[in-house]
Amino acid sequence: MLYEILLADLTTELPSAVRLQSLVRTLREHFRCGAVCLLKLQEEVLSPVAVEGLVREALGRRFVVAQHPRLAAILASRSTVAFPPDSTLPDPYDGLLEHHVGEALPVHDCMGISLYLEGDLWGALTLDALEAGTFDQDAREQLQRLALTVEAAVRVTRLEQDIRGLRLARQDAPALQSERMEGEILGQSAQLKRLLQELDLVADSELPVLLTGETGVGKDLFARRLHQKSRRRDRPLVQVNCAALPESLAESELFGHVKGAFSGAGNARPGRFEAADGGTLFLDEVGELPLGIQAKLLRTLQNGEIQRLGEDEPRKVNVRVIAATNRQLHDSVRDGHFRADLYHRLSVYPVPIPPLRERGSDVLVLAGHFLELNRGRLGVRSLRLSPAAEQALCQYGWPGNVRELEHVISRAAIKALGRGAAREDIITLEPELLDLSGDLHRPENNATTTTAAPAGQAPSQPPASLQEVTNQAQRQAIEQALNASNRNWAAAARLLEIDSSNLHKLAKRLGMK
C-alpha cells in the first residue's frame, strides 16, 4: 500500500512542493514517527525542502554539516544510519518538534539515509520518533528500500524544474547554472512566490528594472536574483550604493577618469559602468543621486556611451541597469529632486518588493534561518522560539523589515546568554527577550489614522483586544478558504499554505470545529 501511494504521487501532475510535502507526510504516517525531514545538500550545508512534524521555522534552518555530527554520519553512509536513544550526539531537531517546542528529547529514536541522484550525493532523509524502539531492524530495512522511491520523487521534481527553466530561457541563452545562488531568498508565502515568478520572467529580458520597497526588505537580494536568472549571469554584477557616493566623486566612480583629471588623480581609472560591461549594474538607493549625475546617467542609458572624467572621446558600454529605491520617486520628480526623463528610463519595469508584514508566516521561516546562524556564531547547543515568541513575531509590524528581524533575533540570543543561559542547553527565546516594544499592529499603507473622540464624547464602543482581532481575522481567512474549496479541509489548508493537521488544530482553538 505504501509503495502504491508513493507511486501515485510520482505519476500525478503536482506542484513540486506539494509532491515532496506529500512524500514526507506519507512516510511519517507509515513509520508512525514524530517528524520527517527531507534535506538538500548545497556546499556542505543541508537545507530542509519538506518537513512534517516540525515547527514552521525549521524550513528556514540551514544546517552546516560540520556542526551536526548526526547529519554528517548519515551523509557519510549509503545505508540506513540509526542512532540509539542513549546516543550522546546532539540532535539538530531538539526543540523543533511540534508540541514539544523548546524541549530536549533525551529518549527518542532517530534514523536517516543519504540520497543520491545520478551518482552524486543530493541530500538526506531523516526520521525522528519520540518512543525508543520505534525504528527496529525491519523499519531500517524498509527505509533502505524506500530510498530509491524517494530519490525518484526528487528526480521527477528536478526534471520539472529544468523543464520550466528551459521554457523560460531563450534558445540563445547559455546553459542554466547551478541552483545555488548567493543570498538565498527565503519564504513560502503566495505573495513571495508570485514575485519570484515575475522576476524570473523579466530577468531574461533586457529591460531596466526599478525595485521599490521599504528599507530592509532585501532589494539587493532580488537584484542579485534578476542578474543570476538573466543571460548576463556569467558576466559581472556590479553594485553601487548611490547614497554613499560623495557628490564630488560620484561622476568619477560611475564613469571613471583619466590621469590628471582632478587633484589626486595620479592614474587613469575605469568607472563602475566599465567594470559592469557585458553584465549588470545595480544602482542601489538611486534616488540619492545628485541632479548633475542624473543627467549624465540618462545619456548613458539612452545611447550606451560613457565618458571618463577629463576624456574627450566617449566609450561604448553594454550594461543592463537595475535600480532600487525606498523613496517614492514620482514624488521626488514632482518636487524637482529627480529628473522625470530618468525616472521613466529606469522604471520601464517597476517591481514593488512587499514588506515583511505582508508576507504572512515567512517571518517564522526567516527567524529560523537567523536562529541557526546565531546558534553557530555563539557556539550554543540550540536556539528556539517559544510559542508566545512566535506569536509576537507574527503580530509585530516590522517597520525595519527583514533587516530588523535579523537584529532582533541576534540581540535576543545575546541577551539570553547574558542572563545566565548555558550554552550546552536548549535556549528558548521568550517575547521579553525580543524586546518588541513598539506597536504590535501591522501598519497598512495609506491606512486611515484613528482619531480621538471629541472632548466630552465617549467612544461608541471599546476597542477589541489584539487577540480578538487576530482570532476574527483567522476565522474569516479559514472560512473563505473553505468556501473556495467546497468545504474540503485539505484543499483549504493548501490554499492557506499551512499543514492540514495545524489547520484542524487552529479551527478547534477558534471554535470552528
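Small disclaimer: the values here were computed from a predicted structure and weren't measured. Keep in mind that the numbers below use all heavy atoms, side chains included, and drop hydrogens, waters and symmetry copies.
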Task: Heavy-atom closest pair, residues G123 and L46 - done: CA-CD2, 4.3 Å
- [ ] Verify whether one side chain among R62 and S47 offers a donor that lies under 3.5 Å from an acceptor in the other.
- [x] yes
Task: Q391 side chain to Y396 side chain, donor-acceptor N/O pair below 3.5 angstrom - done: no
Task: Evaluation steps, salt bridge (charged side-chain N to carboxylate O under 4.0 Å, His left out), between E406 and R403 - done: CA-CA 5 Å; E406 179 179 9; R403 188 180 300 134; over 6 Å; no
Task: Donor-acceptor side-chain pairing of D94 and S382 below 3.5 angstrom - done: no
Open item on the list: To check you understand the geometry: which heavy-atom pair defines the closest contact between R78 and S114, and what is its length?
Closed with: CA-OG, 3.9 Å
- [ ] Output, in order, the C-alpha distance, side-chain angles, deciding distance and verdict of side-chain contact (heavy atoms from CB on, under 4.5 Å) for L27 and L38.
- [x] CA-CA 11 Å; L27 291 174; L38 180 65; over 6 Å; no
Open item on the list: So which atom in R70 and which in C110 form the shortest heavy-atom distance, rounded to 0.1 Å?
Closed with: NH1-CB, 3.6 Å
TODO: Could you verify whether a donor N or O on one side chain and an acceptor N or O on the other, from E57 and H369, lie under 3.5 Å apart?
DONE: no
Open item on the list: Could you check whether S361 and R56, counting side-chain N and O atoms only, form a donor-acceptor pair closer than 3.5 Å?
Closed with: yes
- [ ] Taking only Lys NZ, Arg NE, NH1 and NH2, and the carboxylate oxygens of Asp or Glu, determine whether R357 and E214 approach each other closer than 4.0 Å.
- [x] yes
Open item on the list: Is it the case that the side chains of T134 and D109 hold a donor-acceptor pair, with the cut-off being a distance below 3.5 Å and no angle test?
Closed with: no
Under 3.5 Å, which donor-acceptor pairs link side chains of residues 416-426 to any protein atom two or more places apart or in another chain?
{"unit_1": "R423", "atom_1": "NE", "unit_2": "L378", "atom_2": "O", "d": "2.8"}

Open item on the list: Looking at E288 and R327, is there a salt bridge between them, counting it only when a charged N and a carboxylate O are closer than 4.0 Å?
Closed with: yes
Open item on the list: Within the structure provided, determine whether V238 and F282 are in side-chain contact (heavy-atom separation under 4.5 Å).
Closed with: no
Open item on the list: Before you tell me yes or no, could you show the steps for L371 and R384 under side-chain contact (heavy atoms from CB on, under 4.5 Å), namely the whole-Å CA-CA distance, both residues' side-chain angles and the distance that decides it to 0.1 Å?
Closed with: CA-CA 7 Å; L371 285 166; R384 303 291 183 258; 5.9 Å; no
TODO: Start with the C-alpha gap between Q67 and R375, add the side-chain angles, then the distance that decides, and say whether side chain to side chain donor-acceptor pair (under 3.5 Å) holds.
DONE: CA-CA 10 Å; Q67 298 176 3; R375 186 203 63 77; 2.6 Å; yes
Open item on the list: If the threshold is 4.0 Å, N to carboxylate O, is there a salt bridge linking E151 and R155?
Closed with: no
TODO: State whether F135 and R140 meet the cation-pi test: NZ (Lys) or CZ (Arg) under 6.0 Å from the six-membered ring centroid, and within 45° of the perpendicular axis.
DONE: no
